[in-house]
Each structure stands twice: as structure tokens, then as C-alpha cells.
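Below is one structure, written out as C-alpha cells; the observations come after it.
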Amino acid sequence: MSRSEQLFAAAQKHIPGGVNSPVRAFKSVGGSPIYFKKGEGAYLIDEDDQRYIDYVGSWGPMILGHAYQPVINAVKKSLDNGLGFGAPTEVETLLADKVCEIMPSIEMLRMVNSGTEATMSAIRLARGFTGRDKIVKFEGCYHGHSDSLLVKAGSGALTLGEPSSPGVPASLAEHTITLNFNDLASVEKAFLEIGEQVACIIVEPVAGNMNCILPVAGFLQGLRDICDQYQTVLIFDEVMTGFRVALGGAQQAFGITPDLTTLGKIIGGGLPVGAFGGKKEIMQQIAPLGPVYQAGTLSGNPLSMCAGLAMLNSLADQPEVYQQLAAKSEFLTQGIEAVAQAAGIALATSYIGGMFGIFFTDQQQVTSFAQATACDTERFALFHQGMLKEGIYLAPSAYETGFMSAATSQADIEATIAAAAKVFKTL
Ligand SMILES: *Cc1c(COP(=O)(O)O)cnc(C)c1O
């Protein structure tokens, strides 16, 4: 038994399923989760001293590689002053200013501790601001695990076949209208019927929790127009895409201005941080300025803020990183397509900036939830197992996006393509 297997067995005694977040359990790809003890640039080292080229990056934050020194040093510097005071610190303002500078649609923002908290608070705010109850989301888009948003969600919920979770009261779920991503006509139709009751549309501007699906031309602009017409709040959930597909997120990449934005992952530099922000007029409804309540004992924690600030400063200081990430994602996905074709494996790919998708399908391009879920998940499981043996760590679910890091070298990517070529021959 490997040490990872031993640790996983021990974990099951007191931790449900042995994990603190469901996809980590490897249920959909088979085998036992890998326990890591160290991250270094593009690599992860497991408890059995195996090294992997990592394409998960802690699910996004490690865009500049693991143990990125400017972030580590910022945390070290803050550490000796204490872990938190439950009172304001200067670094909260510095990080808020930086986010507003990078994303001009954000005029004010509030820090929280996770992406889930950010989206949950943003929809409460949208409801409070508009005085409306209904919200619109898209099937396969994941916005964290709060009740209203855990209806037909993607990611882990989708991986485990539980798109709509027990424990969410029907009386709450009935206010969540779920439409088809990339299908503007479905949104127009719904708004003709109930547009005046809809507080917000929340969308992942690039869907990253049902693999990696880019918005089709006109989709995001169409949502913007509909929200303007019905005075509905447009929320871009950029927890994943923020600072990843471009420095200014998907809103910069596609040139669409949302009313509210939710952030997570990269904004904490690897520590637990989320944020939601946007138009001043809306953000002023939040307590203590306004009546919509939201709070957090550990929100704005100094260590997390220092990590986030160092991360955003590092990214803003090297804007060329985004072109490089896109070039790497392109090289990887094209290389994988080429070796798949050579092996007679039907496959499609997608990428934008530091996000990429691999779909086992004979479709040319995947643009919908229906197409994403029609992909061959059994083949993905075998691919995942094979790649793991070759020292390539991919997300343990066919419905997760791949994450490229600035630390990943050309040689790493070539090794990954070579590994894929080898594994494809066994499928
Ligand atoms: C990861 C993610 C979330 C949830 O963030 P947590 O920090 O896991 O709560 C919400 N929305 C999107 C788009 C995400 O990718």
C-alpha cells in the first residue's frame, strides 16, 4: 500500500469520504487520491516522493506556480505580527484598491473567505437591491454550494451525479431559474415571462465547472442587454476566471461590464479569500452603509490579504504572463489533439488564457452543457489513471477545467503531450 493509500484509509474514520471537498476523493476516476506534501513551481511532490507536473494549481490560485516566493515572503513578513485582530488593517485597503484598479467595473468591494461566500452574498445583495426574489443561473455553472445556487450546478455536484442537492428546500430552489449556457434565446424567452421578477443573472463568463466552455459570440453581450432592459443585476462569477483568463478577468477579455463581480481563488494567492464588488450604487446597500447584512469574523485576515496583494502585484507587474499562458495552453491542447488523432481517439479541446479543456467527444467543439455531459467519462477516467502513472496530475473529474501555470515550462508541456500519446495507445 502506498503512503497516500494509507493516509486515505486513515482519513475515512473521522472525515466523511476522507476528504474536505468531494471531488478530491477520486470517485469518478477510480483509485485513491494522492496526498501531497510539497509544491514547487510547476510540480507537486506526493507522500511517496513521486513528482507530478500539476495542472490543477490548487484549483486555480497557483497561477504563478507553487510556493511562489513573493507570495510566500509576504505571508512570512506578516506572520510574526500575529494572525489577525478582527479589526481593520491597512493591507485590506491596499488589496481593495488593487482589485478596483485591475477591474474598473468594481468601484467598491467586500472581502470574504471563499468563493461560495462571495456568490452567496452577491445574490443576497442583488435581491436586496432590486427587491426581487428570483435568480437566473445556467445549468452546469457552479457558483459555490449555498442553497440558492446549488441547483443544477456543475463541478463536484455534477461529477457525483448530484446536480441538485438534497437539503436545499424546494421553496428556495423554486426561485432559482436554470437556463442553458450559450443559449440566449432561452434567456430572452424566460425574461419575456418573468423578467420583472428576476433580481440577477449569475454566470461564469467562461464556464469552468463543466470542463472549459467558452461563451459563444454575442452571449455575454446579450445577457448585458437583457439585464439593462429588465433592470436585473448582471453578476459575473469570476471566482475562477478573474486574474486567470486575463489580468482583468473575462470581463476584460470579452469587453463586457457586469454590475457585480465575484472573486476567489487567485485573489487569495493560495490562502482562503473571496470578494464581491461592483457598482457603488449597489455595493452601498451592504451593511454598515445599507440594510443588506453580510459579515465575517475572519474576513480580511491579514495573512490572506498579504498573500493576495503580493499575488496581484506580481501579476500586474508582469502582464506578459497572460500571453505566455495562452500560448502554453494552445501548445498543450493542440499537441494533445494531434497525438489523439494519431491514436484514433476522438477528442476536442478548448482554451483561454490559463484555462483549458479536454473533451472525449467526436464533436468538433463543445459549447453546451448537453454536449459536455455527453462526453465519454469512462474514457476520461482511464486517461486520468494513465496520466497519473506518467507523473501528470490532472483534475480528477471530466467536468473540471485544466489550469496552466506560468511556472510550467515548454519541456513540461512536451512531456505532458508525450505522456498523453503513450496513454492514448492504451485506451
Ligand atoms: C471555485 C468556484 C466557486 C466556489 O469557490 P469556493 O472558494 O470553493 O467556495 C464559485 N464559483 C466559481 C466559478 C468557482 O470556480
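Only a predicted model underlies this, so the values are computations on that prediction, with no experimental measurement involved. Both backbone and side-chain heavy atoms feed into the values below; hydrogens, waters and symmetry mates do not. Remember, it's 1-based here, ligands and their atoms both numbered in the order they're listed.
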Distance filter under 4.0 Å, heavy atoms only, around ligand 1 gives Ser114, Gly115, Thr116, Tyr142, His143, Gly144, Glu204, Asn209, Asp237, Val239, Met240, Lys265

Would you say that Tyr393 contacts Ile34 through its side chain, given a criterion of any heavy-atom pair below 4.5 Å between the two side chains? yes

Look at the rings of Phe8 and Tyr35 and say which category their plane angle falls in: under 30° parallel, 30 to 60° tilted, over 60° perpendicular. tilted

What side-chain donor-acceptor pairs closer than 3.5 Å can you find for residues 176-184, not counting sequence neighbours?
residue, atom, partner, partner atom, Å
Thr176, OG1, Ser148, O, 2.8
Asn182, OD1, Val216, N, 2.8
Asn182, ND2, Leu214, O, 3.1
Asn182, ND2, Thr367, O, 2.8
Asp183, OD1, Ala185, N, 3.3
Asp183, OD1, Ser186, N, 3.2

Near Glu281 CD, under 6.0 Å, is it more than 12 heavy atoms from other residues, nucleotides or ligands? no

Can you list everything that forms a ring-ring contact (aromatic ring centres under 6.0 Å, His included) with Phe129? Sequence neighbours excluded, please. none

Which atom pairs, donor and acceptor, lie under 3.5 Å between side-chain atoms of residues 79-92 and protein residues at least two apart or in another chain?
residue, atom, partner, partner atom, Å
Thr89, OG1, Glu92, OE2, 3.0
Glu92, OE2, Thr89, N, 2.6

